[in-house]
Amino acid sequence: MATNMPALRRATLVLAVSAFALAGFARADDPPQPRAEAAAPAGQKGGRGGAQGASQSSSSSAEPHRLPSDSTTKQTLDLPGRTLNFAATAGSIRVFDGKGEPLADIAYTSYELDGADRATRPVTFLFNGGPGASSAWLQFGAAGPWRLPLDGEALSPSASPEVKPNAETWLDFTDLVFIDPVSTGYSRFVATGDDARKSFYSVDGDVNSIALVIRRWLEKHDRLTSPKYVAGESYGGIRGPKVVRQLQLQHGVGVRGLILVSPLLDFREFTGTSLLQYVATLPSYVAVAREAKGPVKRADLAEVEAYARGEFLADLVKGEADKEATNRLADKVAELTGIDQAVSRRLAGRFDVGEFRREFDRKSGKVTGRYDASVRGFDPYPDSSSSRFGDPSGDALQAPLTSAAVDLLTHKLNWRPDGSYEVLNGAVEGHWDFGRGINPPQSVSELRQILATDAKLNVLVAHGLFDLATPYFGSKRVLDQLPAFTTQRVKFVVYPGGHMFYSRDGSRQALRSEVETLIRE
C-alpha cells in the first residue's frame with residue numbers, strides 16, 4: 001500500500017536512525033529457541049517458529065503478547081491446467097536486541113511447493129509499504145495461492161471477503177514468504193517502553209529487522225542455498241534495495257533479483273517546492289483523462305512524456321514571473337487533462353495530487369482515487385472550500401481485505417493469534433522517524449550499490465498508469481539516471497491500472513509473466 005506523501009511533504013526528512021536501531025538487533029548470536037512441540041495446538045507443527053521460544057531473560061510481562069506456535073498445513077490448489085500441492089506455514093520469528101532481550105514477534109506466511117529440491121528451488125520474500133501496511137495486498141492481490149477480487153469501483157467495504165484460487169500465483173516458479181513488519185498484520189512488540197518502538201519505526205531500523213527476519217527464515221527452513229528474491233510494493237521501494245544491501249553486507253545472503261511494485265524510490269521530488277513533482281504526475285493525469293474515453297497504454301502517452309520532460313519543465317523553471325510561459329503551460333495542461341482552463345490558470349498549471357483529484361470531475365461532485373485515479377467516488381463535501389474526502393480506490397479495500405486475511409489464517413492455515421489484524425496501521429506512519437535533516441529518504445544509492453556489487457542481480461520495476469500515490473514517471477526519471485552498466489539488468493514496465501494495478505486481470509497476468517522470466521533466467 002502506498003506511502004502517504006501529502007503527510008510526508010509537510011516534513012523535512014532525513015535518512016537517519018538512532019544507534020540503538022543500528023546495533024540493537026541480534027544476529028547470529030540470537031538466543032536459542034527451545035522446542036515446544038508438546039505445547040503446540042492439535043494440527044500445528046511446533047519448533048519451526050520463533051515465537052514459541054522466548055529467552056529465559058524475557059520478562060513475564062511480555063508473555064501475554066506472544067504469538068501462537070507456527071502452524072504448518074498441507075494444501076492443494078486446483079488451477080486451470082495444473083494442480084499445486086504445497087505446505088503453508090503461518091507463524092512468526094522473534095527478534096532480540098543485542099543483549100538477548102526479546103523485542104518483537106514478526107509474523108509471516110510462507111508457501112513451499114511439495115516435491116521441489118530445496119537447494120535449487122527459488123524463494124521470494126514479499127512485503128508491502130506504508131509504512132504501516134501488512135503484506136496482505138501482495139498476497140491476496142497478486143502473488144499468493146488465493147486471491148481476493150479487487151474490482152475498483154465495484155468493490156465496497158461490504159463486499160464478500162471470500163478468496164478464490166489465484167491462477168496467476170507465483171508459486172509455480174518460486175516459494176513465497178510474506179512478511180508483516182512489526183505492528184502490521186499480527187506482528188507485535190513484546191518489549192515494553194518507547195525504545196523498541198523507536199528502533200523499529202525508523203528507516204534503517206525497519207530495514208534491519210526485515211533483513212534479519214529473512215536470514216532467520218532461511219536458516220529455520222534450511223533454505224540458505226536456495227536462489228533468493230525480494231519483492232516490495234510502494235514504500236517497499238525504499239525498503240527493497242536497502243534490505244538487499246543489508247543482506248549482502250550484514251547477513252551473508254546474496255539476492256538474485258529485486259522486484260519493485262509501484263515503488264517510491266526517492267522522496268526528494270515529492271517534498272517542499274520541488275518542480276519535479278509536477279513532471280512526475282502529469283503523464284498519469286493525462287492517462288486518467290484518456291482512460292475516460294477508452295483503453296490507454298503507456299505507448300499512447302509518448303508525446304505527453306516528451307512534453308513533461310521538455311517544454312513543460314522548461315516553462316516550470318521560468319516561474320510564474322514569466323506570464324507568457326505560465327499561461328502557455330496552464331493552457332496546455334487544461335487541454336491535456338480536460339480541466340477547465342480558468343482553473344488551470346488560477347493554479348498556474350501546477351496541480352498537486354489533491355487538487356487534481358478534486359478538480360478533474362468536480363462538475364459531477366466526484367473525486368478520483370489516489371491509488372487508482374481511474375476510479376471515482378462521490379465527494380462527501382462537494383461544496384466545501386477545503387478538501388475533506390477519502391480515497392474511493394483504497395478505502396473500500398480495507399474491510400474485505402482484513403476479513404479475508406483473518407479468515408484464511410484461521411480456517412485454512414489453522415493459526416489464530418489474539419488481538420486485531422492490522423491490514424493498514426496509520427499509527428505506524430504517524431510515529432515513523434524519517435529523520436530531521438535536509439536529505440529525504442531515498443533508496444537510489446543502495447540500488448546503485450547492489451547492482452554494482454553483484455553483476456548477476458536483476459531488477460524489475462512495475463507501475464500502474466493511473467497511480468497518483470507513486471506515479472510511474474517519477475520512477476522512470478530516477479531510473480534514467482542510473483549508470484550505463486545497469487541498463488540491461490533493470491527492466492521498467494507500466495500497466496493499465498493504479499497502485500494495485502494487479503487488480504486488473506490483464507495487468508496481473510502480465511506482471512506474473514515478467515516475474516517468472518526474471519526468476520527463471
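Numbers here are sequence positions counted from 1.
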So which heavy atom on D180 is nearest to which on S187, and how close? O-OG, 2.5 Å
Side-chain donor or acceptor of Y186 paired with backbone N/O of I106 under 3.5 Å: no
Rounded to the nearest 0.5 Å, what's the gap from CD on Q139 to CG on L401? Could you check? 9.5 Å
I'd like to know if the side chain of T124 pairs up with that of T174 as donor and acceptor (distance under 3.5 Å, no hydrogens or angles considered). yes
Distance-only donor-acceptor check, side chains S202 and D204, under 3.5 Å: no
Less than 4.0 Å between a side-chain N and a carboxylate O, is that true for D505 and R508? yes
Can you find a side-chain donor-acceptor pair between S134 and Y421 that sits under 3.5 Å? yes
Is R94 salt-bridged to D105, cutoff N-O under 4.0 Å? yes
Check: S445 main-chain N/O paired with Q442 side-chain donor or acceptor under 3.5 Å: yes
Verify whether one side chain among R512 and T169 offers a donor that lies under 3.5 Å from an acceptor in the other. no
State which residue, out of I214, V253, V230, L447, fulfils the side chain to side chain contact (heavy atoms under 4.5 Å, CB included) condition with V244. V230
Do E305 and K476 sit within salt-bridge range, that is, some charged N less than 4.0 Å from a carboxylate O? no
Heavy-atom pair with the smallest gap, counting every atom of Y472 and S284: CD2-OG, 3.6 Å
Contact summary for L316 and V279, nearest pair of heavy atoms: CD1-CG2, 4.1 Å
Measure the CD1-CG distance between I179 and L126 for me, rounded to the nearest 0.5 Å. 8.0 Å
Counting distance only, does the side-chain N/O of R290 pair as donor-acceptor with the main-chain N or O of D300 below 3.5 Å? yes
Indicate yes or no for a side-chain donor-acceptor contact from E429 to the backbone of G426 under 3.5 Å, with no hydrogens or angles considered. no
Classify the side-chain pair Y108/T89 by whether it contains a donor and acceptor separated by less than 3.5 Å. no
Which pair of non-hydrogen atoms, one from E112 and one from R118, has the smallest distance, and what is that distance? OE1-NH1, 3.7 Å
Verdict with supporting geometry, T453 and R245, side-chain hydrogen bond (donor to acceptor under 3.5 Å, both in side chains): CA-CA 9 Å; T453 300; R245 187 64 171 160; 3.0 Å; yes
Under the side-chain hydrogen bond (donor to acceptor under 3.5 Å, both in side chains) rule, what do E233 and Y502 come out as? Steps first, then yes or no, please. CA-CA 12 Å; E233 180 177 350; Y502 42 75; 2.9 Å; yes
Using the test ring-ring contact (aromatic ring centres under 6.0 Å, His included), find all partners of Y495 that sit at least two apart in sequence or belong to another chain. F501
Taking everything shown except E516 itself, do over 12 heavy atoms lie less than 6.0 Å from its CD? yes
Residue pair S507 / R504, side-chain donor-acceptor N/O under 3.5 Å: no
Got W146 and Y111 here, is their nearest side-chain heavy-atom distance under 4.5 Å? yes
Does P145 offer a backbone N or O that forms a donor-acceptor pair with the side chain of R147 under 3.5 Å? no
T281 and F351, any side-chain heavy atoms less than 4.5 Å apart: no
Around E521, counting heavy atoms of other residues, nucleotides and ligands shown, do more than 12 lie under 6.0 Å from its CD? yes
Has the side chain of D467 got a donor or acceptor atom that lies under 3.5 Å from a matching backbone atom of P471? no
Specify the closest pair of heavy atoms between L67 and P417, including all atoms of both residues, with the distance to one decimal. CD2-CB, 3.6 Å
More than 12 heavy atoms of other groups within 6.0 Å of R256 CZ: no
Check this for me, if you would: do D175 and R223 make a salt bridge, where the nitrogen-to-carboxylate-oxygen distance has to be below 4.0 angstrom? yes
With a 6.0 Å cut-off on ring centres, are Y371 and H499 close enough? yes
Does the ring center of F178 lie less than 6.0 Å from the ring center of F140? no
Rounding to 0.5 Å, atoms NE2 (H251) and CG (L212) come to a distance of 5.5 Å
Verify whether one side chain among Q246 and N208 offers a donor that lies under 3.5 Å from an acceptor in the other. yes
Are the side chain of K491 and the backbone N or O of T487 linked by a donor-acceptor pair below 3.5 Å? no
Looking at OG1 of T368 and OH of Y285, how far apart are the two atoms once the value is rounded to the nearest 0.5 Å? 8.5 Å
Closer than 3.5 angstrom, by distance alone: can the side chain of R489 be matched with the main-chain N or O of L457 as a donor-acceptor pair? yes
Which pair of non-hydrogen atoms, one from S183 and one from E422, has the smallest distance, and what is that distance? O-CB, 3.7 Å
Considering the options Y307, Y278, F473, which one meets the ring-ring contact (aromatic ring centres under 6.0 Å, His included) requirement together with F312? Y307
Answer yes or no: is there a donor N or O on one side and an acceptor on the other, between the side chain of R239 and the main chain of N128, under 3.5 Å? yes
Do side-chain atoms of K228 reach the backbone of S226 as a donor and acceptor pair under 3.5 angstrom? yes
